[in-house]
Amino acid sequence: MHSISKRSEDIMQKNLVIVESPAKAKTIEKFLGKDYKVMSSYGHIRDLKTKEFSIDIEHNYTPQYVIPADKKKLVAELKTEAKSASQVWLASDEDREGEAISWHLYEVLGLKPQNTKRIVFHEITKNAILHAIETPRDINIDLVNAQQARRVLDRIVGFELSPILWRKVKPALSAGRVQSVAVRLIVEREREINDFVSEAAFRVIANFILPDGTTILKAELNKRLKDREEVKAFLESCKSTSFSIDDITTKPVKKSPAPPFTTSTLQQEAARKLGYSVSQTMMIAQRLYESGLITYMRTDSVNLSDLALGTTKEAIFDTYGEKYYKFRQYHTKSKGAQEAHEAIRPTYISNEDISGTAQEKKLYELIRKRTIACQMADAELERTTISIGIGDKKEKFVAVGEVIAFDGFLQVYRESSDDEGEKEQENGLLPPVSLHESLVLKDMVATERFTQRPPRYTEASLVRRLEELGIGRPSTYAPTIQTILNREYVVKGDKEGTQRSYCVISLFDNKIKEVDKVETVGADRNKLMPTDIGTVVNDFLMEYFPSVLDYNFTASVEKEFDAVADGELDWTKAIDKFYKMFHPIVESTSAVRTEHKVGERELGIDPKSGKPVFVKIGRYGPVVQIGQARTDDKDAPKPQFATLMKGQSIETITLEEALKLFDLPRKIGEYEGAEVVAAVGRFGPFIRFKGKFVSIPKNLNPLTITMDESIELIEAKRSKDEQRFMKKFDEEPDLEILNGRYGPYIAYKGSNYRIPKSVEHPEELTLEECQKIIAEAADKPATTKRRTAKKKS
DNA sequence: CAGTGAGCGAGCTTCCGCTTGACTT
């Protein structure tokens with residue numbers, strides 16, 4: 001009996017379904033039952049070679065596809081399963097990438113038209129999948145070709161531009177349709193900030209006493225005053241004038257909830273509300289997805305499935321009542337109709353609490369609240385504006401108050417905004433007043449305020465901008481940021497503010513007082529700022545390849561690809577048109593023999609040697625150079641170099657600052673009979689003493705550090721090093737127990753071994769116990785050695 | 001890991017979008 005059912009299973013299992021993601025495969029397999037085996041392709045299974053151009057320009061841009069090494073095993077497995085299946089269902093996503101994945105599978109697995117079907121579904125429910133199986137179609141080669149065009153164009157741009165940068169700027173740099181625009185945004189924003197001139201004006205706020213003698217009404221003048229004279233004249237005139245309520249208006253205001261999350265809005269809100277980086281958010285979301293708690297996290301769709309709409313409605317009815325519910329359908333704005341997925345939402349909205357890390361819980365809660373709120377009623381507010389007349393002057397004081405009449409979705413979720421700086425005034429409830437009532441002035445304060453410079457980008461606000469421009473995809477936002485950071489085009493960091501004085505003029509007790517105060521402005525935390533390399537590369541690309549750096553470049557090639565996808569245009573023709581424009585510029589740019597390097601700037605003449613001083617991007621970053629290298633005189637001395645320090649820029653450094661750098665390495669003095677020298681190296685400023693290196697912290701400068709400060713650093717490093725050694729064995733000098741960044745470990749012959757958590761007192765381990773740990777670790781592949789070796793190569 | 005760098009030389013670096021591991025000195 002058992003063997004019969006087993007055999008019937010083998011025979012019945014004749015359907016192979018291939019999807020993109022393994023988590024999806026698991027879910028679908030449950031719906032389809034035993035007749036279907038569901039496997040995952042893990043994204044693309046074939047691509048252009050990674051190290052070669054792989055496009056045959058001469059033969060109509062034929063791409064040369066290969067199966068990457070890490071996909072060989074998977075492809076072999078898929079092939080075996082496909083062979084034994086009588087029907088193969090290609091169920092990758094319904095967008096161009098998904099269609100291309102199906103096509104590659106078809107080609108690579110050697111599938112036959114008669115037993116291959118292409119299906120798509122928009123939500124992972126049993127009904128949707130069964131419906132998909134009933135309505136299969138063929139692979140849409142037009143969509144595939146649109147993807148190939150996109151792939152080939154990106155390869156051409158990336159692999160033709162990058163080598164130019166290696167020659168003209170610095171090795172191992174890169175350029176591309178997406179990353180280069182991301183850098184451009186950041187470089188241009190920094191220039192706007194540098195060029196920004198703030199304008200000052202006085203904001204006047206008054207406190208009035210109502211006729212009851214106690215209640216205070218705070219109001220702001222409806223106009224800003226331009227200078228001290230005007231303020232003083234105004235305050236003076238207020239000494240002997242009357243104030244009365246001129247007008248009271250109340251009007252209803254409605255607020256609507258934000259649409260459900262897409263990748264980019266989730267990244268923005270998680271950054272604002274939870275402080276997560278873009279990649280952190282994606283990693284946490286990935287875990288939630290794999291645990292079956294949320295829908296797919298890489299999406300640009302705001303669509304919700306009928307099932308989700310229904311269960312969300314139920315949840316709102318149950319928890320908040322019917323009047324808090326409002327049916328809303330959101331539509332994805334971006335054309336391209338690549339709605340392969342849903343918005344990001346909980347798989348089961350009734351699931352309020354989840355198990356997981358604190359981070360996972362917080363992100364889940366955020367997603368759940370946003371999903372619920374998006375199906376809730378508008379909030380209804382009442383905005384009251386009280387206008388206060390000043391004698392017979394034209395100006396008025398205005399007080400604005402807001403009262404929530406019905407909270408609606410606000411009960412659950414309120415979207416944050418990026419606006420920093422002056423906090424939005426909390427418009428609370430205003431005291432009751434009546435028209436024409438006269439008021440007594442308590443005090444009046446005019447504060448000098450300045451217009452704000454544009455804000456630097458955060459990771460999340462950069463993603464938002466890229467999405468607005470239609471550049472990049474949900475799956476690439478986080479990696480793109482990583483790339484421009486890795487290339488050192490931009491850094492994520494803090495900027496100290498500058499001190500600015502401002503003036504406060506007040507009227508109190510019929511006396512006018514003027515006070516000057518100081519505030520810190522322009523300080524920034526965790527913002528994206530361009531480096532010299534980023535700026536130089538951007539300026540170079542903007543000069544020679546403005547079309548590729550154009551904010552509309554992606555949008556305009558995307559239009560061509562749309563025509564390909566609609567079957568109206570041959571994809572190779574679209575590429576040919578681009579290539580014939582682009583490649584000649586590549587050729588001519590490569591041929592240009594620039595006398596000096598890109599971005600080089602002459603600062604002046606070195607008074608000591610009489611030689612010219614330059615700043616430029618060297619092989620390892622920004623440097624100052626004294627003297628020309630290329631001279632006819634073979635015996636001429638070589639130029640001298642010095643690395644720029646952190647915070648210095650080749651755009652702004654002065655001749656004096658540049659020459660100062662040649663004071664390094666600098667002998668500070670002697671300590672314990674040995675020289676103490678300060679210098680700057682690959683890893684920043686350091687002190688050298690007795691052959692050892694001690695890093696100089698940020699608050700000190702190698703040019704100015706004193707002997708006392710140096711000794712302090714040396715001693716601090718000494719005691720830290722001593723703590724590092726926990727135990728040594730006389731009989732085995734190669735073996736040491738050390739205390740490292742990640743806790744205690746055993747160092748033995750160049751390799752490190754983790755001490756099991758079960759060991760409570762590592763310093764009490766015996767030599768035998770240590771050797772046992774090493775022997776056990778040796779059974780597993782030695783990771784440490786391999787890692788360091790890899791890094792070096 | 002640490003004062004690199006103007007050039008005979010060998011070979012390397014690089015794109016964007018799909019998707020998860022296997023790493024955790």
Side-chain angles (χ1 to χ4, degrees), chain A residues 19-24 40-48 50-54 70-71 74 92-93 95-98 100-101 104 147 150-166 170-180 286 290 296 298 340 471-477 479-480 483 487 554 597 616-621 623 625 627-631 638-643 664-666 677-688 691-695 738 740-747 751-754 781 783-784 786-788 791-793:
Chain A
V19 296
E20 287 181 41
S21 125
K24 206 168 171 179
S40 161
S41 72
Y42 292 80
H44 276 290
I45 51 139
R46 202 163 68 152
D47 192 11
L48 301 174
T50 53
K51 303 215 180 276
E52 288 168 38
F53 191 60
S54 290
D70 58 339
K71 285 287 172 75
L74 170 74
S92 48
D93 295 345
D95 55 15
R96 290 173 196 172
E97 293 298 328
I101 288 171
H104 282 301
Q147 190 274 348
R150 198 278 306 153
R151 181 70 190 90
V152 165
L153 177 116
D154 283 336
R155 172 54 65 93
I156 292 173
V157 171
F159 275 45
E160 294 213 343
L161 284 187
S162 300
I164 301 180
L165 297 179
W166 305 342
K170 189 170 120 62
L173 292 179
S174 65
R177 176 177 58 82
V178 174
Q179 59 169 289
S180 295
Q286 173 92 30
E290 282 168 11
Y296 198 60
R298 290 188 277 265
I471 299 171
R473 304 283 312 139
S475 67
T476 61
Y477 295 137
T480 299
T483 300
R487 301 279 173 274
T554 292
K597 265 196 121 168
K616 63 176 192 182
I617 302 292
R619 183 153 10 144
Y620 304 103
V623 287
Q625 176 185 327
Q628 292 279 18
R630 202 190 293 274
T631 59
K638 284 191 173 182
Q640 278 183 281
F641 294 94
T643 311
L664 295 174
R666 167 177 154 256
V677 176
V680 178
R682 169 85 181 81
F683 305 101
F686 66 91
I687 295 168
R688 198 180 53 206
K692 294 224 172 192
F693 296 90
V694 185
S695 293
L738 300 173
R741 218 163 15 129
Y742 306 94
Y745 65 98
I746 298 169
S751 285
N752 298 329
Y753 303 88
R754 200 198 305 178
T783 54
T784 314
R786 214 185 279 165
R787 273 183 81 84
T788 47
K791 261 181 196 165
K792 269 183 185 161
S793 71

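Reckoned from all heavy atoms, side chains included, excluding hydrogens, waters and symmetry mates. A, B, ... follow the sequence lines: proteins, then strands. Residue 1 opens every chain.
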Helical stems, DNA chain B - three or more consecutive Watson-Crick or G-U wobble pairs below 3.5 Å: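 Stem segments: none to report.
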
So, using side-chain contact (heavy atoms from CB on, under 4.5 Å) as the criterion, who are the partners of A/Pro22 when residues are at least two apart?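 Per chain and number, A/Pro22 pairs via side-chain contact (heavy atoms from CB on, under 4.5 Å) with A/Ser40, A/Tyr42.
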
To the nearest Å, give me how far apart [atom1] ([X]) and [atom2] ([N]) are.
{"X": "A/Lys616", "N": "B/dT4", "atom1": "NZ", "atom2": "C1'", "value": "13 Å"}
{"X": "A/Tyr477", "N": "B/dG17", "atom1": "OH", "atom2": "P", "value": "9 Å"}
{"X": "A/Arg46", "N": "B/dG17", "atom1": "CZ", "atom2": "C1'", "value": "16 Å"}
{"X": "A/Leu74", "N": "B/dG21", "atom1": "CG", "atom2": "P", "value": "11 Å"}
{"X": "A/Lys71", "N": "B/dG21", "atom1": "NZ", "atom2": "P", "value": "11 Å"}
{"X": "A/Leu153", "N": "B/dG17", "atom1": "CG", "atom2": "P", "value": "11 Å"}
{"X": "A/Phe641", "N": "B/dA6", "atom1": "CZ", "atom2": "C1'", "value": "6 Å"}
{"X": "A/Ile687", "N": "B/dA2", "atom1": "CD1", "atom2": "P", "value": "18 Å"}

What's the shortest heavy-atom distance between [X] and [Y], and which atoms?
{"X": "A/Lys71", "Y": "A/Ser41", "answer": "NZ-O, 3.9 Å"}
{"X": "A/Leu161", "Y": "A/Ala175", "answer": "CB-CB, 3.8 Å"}
{"X": "A/Glu20", "Y": "A/Asp93", "answer": "OE2-N, 2.8 Å"}
{"X": "A/Ile101", "Y": "A/Ser92", "answer": "CG2-CB, 4.1 Å"}
{"X": "A/Phe641", "Y": "A/Val623", "answer": "CD2-CG2, 4.3 Å"}
{"X": "A/His104", "Y": "A/His44", "answer": "CD2-ND1, 4.2 Å"}

Name the nucleic acid region contacted by [X], choosing base, sugar-phosphate or nothing; use a 4.0 angstrom heavy-atom cut-off, strictly under.
{"X": "A/Gln286", "answer": "sugar-phosphate"}
{"X": "A/Pro639", "answer": "nothing"}
{"X": "A/Gly621", "answer": "base"}
{"X": "A/Ser92", "answer": "nothing"}

Would you say [N] has OP1 or OP2 under 4.0 Å from some side-chain N or O of [X]?
{"X": "A/Tyr296", "N": "B/dT19", "answer": "yes"}
{"X": "A/Ser21", "N": "B/dT19", "answer": "no"}
{"X": "A/Arg298", "N": "B/dT19", "answer": "yes"}

Is there a donor N/O on one and an acceptor N/O on the other, under 3.5 Å, for the side chain of A/Tyr42 and the base of B/dT20?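 Check fails, no donor-acceptor contact within cut-off.
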
How far, in whole Å, is B/dG11 from B/dG7 if one measures between their C1' atoms?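 Rounded to whole Å, the distance is 16 Å.
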
Which whole number of Å gives the distance between the P atom of B/dC12 and that of B/dC16?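 B/dC12 and B/dC16 have their P atoms separated by 22 Å.
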
Please test A/Asp95 against A/Arg473 for salt bridge (charged side-chain N to carboxylate O under 4.0 Å, His left out), starting from the C-alpha separation and ending with a verdict. CA-CA 12 Å; A/Asp95 55 15; A/Arg473 304 283 312 139; 5.2 Å; no

Between A/Glu160 (side chain only) and A/Ser162 (backbone N and O only), is there a donor and an acceptor less than 3.5 Å apart?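 Absent.
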
Determine whether A/Ser475 and A/Arg298 satisfy the following criterion, side chain to side chain donor-acceptor pair (under 3.5 Å), listing intermediate values before the conclusion. CA-CA 6 Å; A/Ser475 67; A/Arg298 290 188 277 265; 5.6 Å; no

Can you give one letter per nucleotide of nucleotides 9-16 of chain B, 5' to 3': B if a protein heavy atom sits under 4.0 Å from the base, S if only from the sugar-phosphate, - if neither? ----BBBB

